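Before any comments, here is the structure.
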Amino acid sequence: METLTATKSKSKKKKTERIHGCEAVVRCLLEEGVDLMYGYPGGAIMPVYDELYKYQDQLQHVLVRHEEGATHAAQGYARASGRVGVCIATSGPGATNLVTGIADAMIDSTPMVCITGQVPKHLLGSDAFQETDIIGITMPVTKWNYQITKASEIPEIFAKAFFIAKSGRPGPVLIDITKNAQFDELDFDYTPCTKLDSYVPRPPVKEEKVKEAAELINNAKRPYILFGQGVILSQAEEELKQLVEKTGIPAAWTIMGLSAMPTNHPLNVGMLGMHGNYGPNVLTNECDVLIAIGMRFDDRVTGNLAKYAKQAKVIHIEIDPAEIDKNVKTEVAILGDAKEAMTALLPHLKKNSHKKWHQKFKDCDKEEYEKVIKGETEPTDGELTMGEVIRDLNDLTNGDAIIVTDVGQHQMIACRYAHFNKTKSNITSGGLGTMGFCLPAAIGAKMGAPDRDVIAVIGDGGFQMTIQELGVILQTGVNVKILILNNEFLGMVRQWQQLFFDKRYASTEMVNPDFQLLAQAYGIKAQRVSERDQLGTALKNMMEHDGSFLLEVMVGKENNVFPMVPSGAGVADIRLE
């Protein structure tokens, strides 16, 4: 275990209190400013729950209906609020049910502290009832984890966990607490953690690298910015805006970076990746300098790496050294926080406009509009499309709502067409692609940003993976708008089956229940539409309703999402049809 160095008070040492470990857990959470957490009780964590009962006026616990829902709700809360999400579960199946959400948080850099109960220390390794090695299981998908077996460890480990979760590149941390440690007593004294030996969460930005990058950018003829969630996590939205406006460089986003820059900004050229916009993908292979900010060159963005931006000199601004040169070889790597790096870079950059280069993006936009966007968002007859639903939703949100999506066709359509004016407005499962993410994440997002409208845009398949979390809405009254885009298929898998498996729709057609009746059983007002002339009124009803609302929209069963970069192809091989 690394040495923990915490800031010590210069005043007289605080008096310690003799309390039980279970109370220490709750007190640690309060010391870290936690006022909301998600979880599900059970035998091995029951002492902590008993203490939560006593502190419920200071720390709200939201009872989910499945432990996976607790992780996704904590993720949604963290992404909408910018704070650390917290979830709690018992040992054995309770702990293992957290794993999917933990893995999701890890790959999407979401700060989260997960607490699990464990059998007493003397039973560890004996295959006791509901004993599982959750430390071993979660080691590959956590930023750090630790098993507490003595009550005296609790304050130090909790301080360390919160520091690790939220510092540097954020991520999930898991603390496993044996039952004896919850019952035993300790002298409680809490000191927040501010430093760990051998852990450098914010590498100092090197001035020489900044100057090298500035020289490349200033001399570039066709520079291009790709920005990801690192901009949002470092609160560098304003610095990004200043950078693109000063240099006139076109900027495109990953789906995790969406909303870091307003959708309608003239220098925002659109979405990268497999179902991204035509220009941002094709012109990646025509730029001469590629500036990547807070993104990790995921395979869904790059396509075939052997064909990716081979002509470009790459500048990579990244806080995690493990991501530098991992997928794409860089000319200049600026290791450090995105906000600090761009702040250092801005004074060295020259004013520019790159009008001819911008025109290439506009020409691509026109072609994509005629071949894809017009038919997806402006149909006049035939079946309803997902694109026109999002278009009409934009008219009601004015780009101010938080939109949470699940995974699949609806996710890509929402990311492509939803409008955003504010940061932290697009919440989705990016790297892991977890179906079932949306509903609990939307609940967490609304609790993390109670003054904003939160809309869960979800497919009929993903909705049923965590449909039980409607019980949280019933019990808490949280106001979430649920928009089901129902094509009666596992749509993205079906699309691949159509395009690459000769329309052999193996196990992708869905026979669904009556979602309206299910919603009503949970006390949620619901409506179902299938006709174009009903859509506008139905969306307005949903948005104006005082409370949660479920709107099911029946859309075309075999509509596809284009553009599309086929598996194994390069970004320049993107298909418009």
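Quantities reported herein were computed from a predicted structural model and do not represent experimental measurements.
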Identify the heavy atoms of Glu577 and Arg575 that sit nearest to each other, and give their distance. O-NE, 3.2 Å
Short side-chain donor-acceptor distance under 3.5 Å, Ser259 and Ser425: no
Can Glu509 and Arg494 be counted as an ion pair, charged N to O under 4.0 angstrom? no
Under 6.0 Å from the CZ atom of Arg452, do we count more than 12 heavy atoms belonging to anything else shown? yes
Out of curiosity, Ile225 CD1 to Leu267 CG, how far, rounded to the nearest 0.5 Å? 8.5 Å
Is there a donor-acceptor pair closer than 3.5 Å between any side-chain N or O of Gln311 and the backbone N or O of Thr284? yes
I'd like to know if the side chain of Asn479 pairs up with that of Ser548 as donor and acceptor (distance under 3.5 Å, no hydrogens or angles considered). no
Is it true that the side chains of Glu68 and Thr100 contain a donor and an acceptor less than 3.5 Å apart? no
Do other residues, nucleotides or ligands put more than 12 heavy atoms under 6.0 Å from the CD atom of Gln497? yes
If we ignore hydrogens and angles and just use 3.5 Å, is the side chain of Asp406 paired with the main-chain N or O of Phe437 as donor and acceptor? yes
Shortest non-hydrogen contact from Tyr77 to Val84? CE2-O, 3.8 Å
So, are Lys241 and Glu245 salt-bridged, with charged N and O less than 4.0 Å apart? yes
Nearest 0.5 Å please: distance from the CG atom of Leu384 over to the CG atom of Asn487. 12.5 Å
Rounded to the nearest 0.5 angstrom, the SG-CG distance for Cys415 and Leu272 is 12.0 Å
Donor-acceptor pair between Asn559 and Thr385 side chains, under 3.5 angstrom: no
Using a strict threshold of under 4.0 Å (side-chain N to carboxylate O), is an ion pair present between Asp337 and Lys339? no
Kindly compute the distance separating CG (Leu535) from CD (Glu388), expressed to the nearest 0.5 Å. 6.5 Å
Do Asp453 and Asp400 touch side chain to side chain, with heavy atoms closer than 4.5 Å? no
Side-chain donor/acceptor of Thr397 to backbone N/O of Gly399, under 3.5 Å: yes
Taking atom types as modelled, is there a side-chain donor on Gln229 or Asp108 under 3.5 Å from an acceptor on the other? no
Is Arg296 salt-bridged to Asp320, cutoff N-O under 4.0 Å? no
Is any side-chain N of the basic residue among Glu286 and Arg222 closer than 4.0 Å to the acidic one's carboxylate O? no
Student check: side-chain heavy atoms of Ile293 and Ile315 closer than 4.5 Å: no
Do side-chain atoms of Asn268 reach the backbone of Gly270 as a donor and acceptor pair under 3.5 angstrom? yes
Any side-chain heavy atom of Lys362 within less than 4.5 Å of one from Gln359? yes
Test side chain to side chain contact (heavy atoms under 4.5 Å, CB included) applied to Leu174 and Ile102, step by step: CA-CA 9 Å; Leu174 182 133; Ile102 293 172; 3.8 Å; yes
Any idea how Phe361 and Trp357 line up, ring-wise: parallel (<30°), tilted (30 to 60°), or perpendicular (>60°)? perpendicular
Heavy atoms of other groups near Lys326 NZ, more than 12 under 6.0 Å: yes
Show the numbers, then the answer: is there a salt bridge (charged side-chain N to carboxylate O under 4.0 Å, His left out) between Glu370 and Lys366? CA-CA 6 Å; Glu370 290 299 325; Lys366 289 178 183 177; over 6 Å; no
Report yes if the distance between the aromatic ring centroids of Phe297 and His316 is under 6.0 Å, otherwise no. yes
Walk me through it: do Glu376 and Arg416 pass the test salt bridge (charged side-chain N to carboxylate O under 4.0 Å, His left out)? CA-CA 11 Å; Glu376 180 61 52; Arg416 282 175 54 80; over 6 Å; no
The reported gap from OG in Ser109 to CE in Met106 (rounded to nearest 0.5 angstrom) is 8.0 Å
Heavy-atom side-chain proximity of Thr96 to Leu98 below 4.5 angstrom: no
May I have the step-by-step check of side chain to side chain donor-acceptor pair (under 3.5 Å) for Asn145 and Thr138, ending in yes or no? CA-CA 8 Å; Asn145 64 15; Thr138 60; 3.1 Å; yes
Is the number of heavy atoms from other residues, nucleotides or ligands within 6.0 Å of NZ (Lys540) greater than 12? no
Just by distance, no angles: are the side chains of Glu558 and Gln498 close enough, under 3.5 Å, to form a donor-acceptor pair? no
Test item: Arg391 and His419 side chains (from C-beta on) under 4.5 Å apart, heavy atoms: no
Drop me the distance from Met295's CE to Met256's CE, to the nearest 0.5 angstrom. 12.5 Å
Is there a side-chain contact between Val62 and Met447, using heavy atoms and a 4.5 Å cut-off? yes
Could you walk me through whether Asp325 and Thr330 satisfy the side chain to side chain donor-acceptor pair (under 3.5 Å) test, starting with their C-alpha distance in whole Å, then the side-chain angles of each, then the deciding distance to 0.1 Å, before giving a yes or no? CA-CA 6 Å; Asp325 293 329; Thr330 57; 2.8 Å; yes
Under-4.0 Å salt bridge between Arg528 and Glu552: yes
Indicate yes or no: at least one non-hydrogen side-chain atom of Lys481 is less than 4.5 angstrom from one of Val454. no
Does any part of the side chain of Val328, heavy atoms only, come nearer than 4.5 Å to the side chain of Leu305, both counted from C-beta? yes
Tell me, yes or no, whether the heavy-atom count around Tyr505 atom OH, taken from other residues, nucleotides or ligands under 6.0 Å, exceeds 12. yes
Pair Asp460-Gln464, side-chain donor/acceptor within less than 3.5 Å: no
Least distance between heavy atoms, Ile427 atom then Ala445 atom: CD1-CB, 3.8 Å
For residues Tyr278 and Tyr369, establish whether the separation of their ring centroids is below 6.0 Å. no
NZ/NE/NH1/NH2 to OD/OE distance under 4.0 Å, Lys557 and Glu383: no
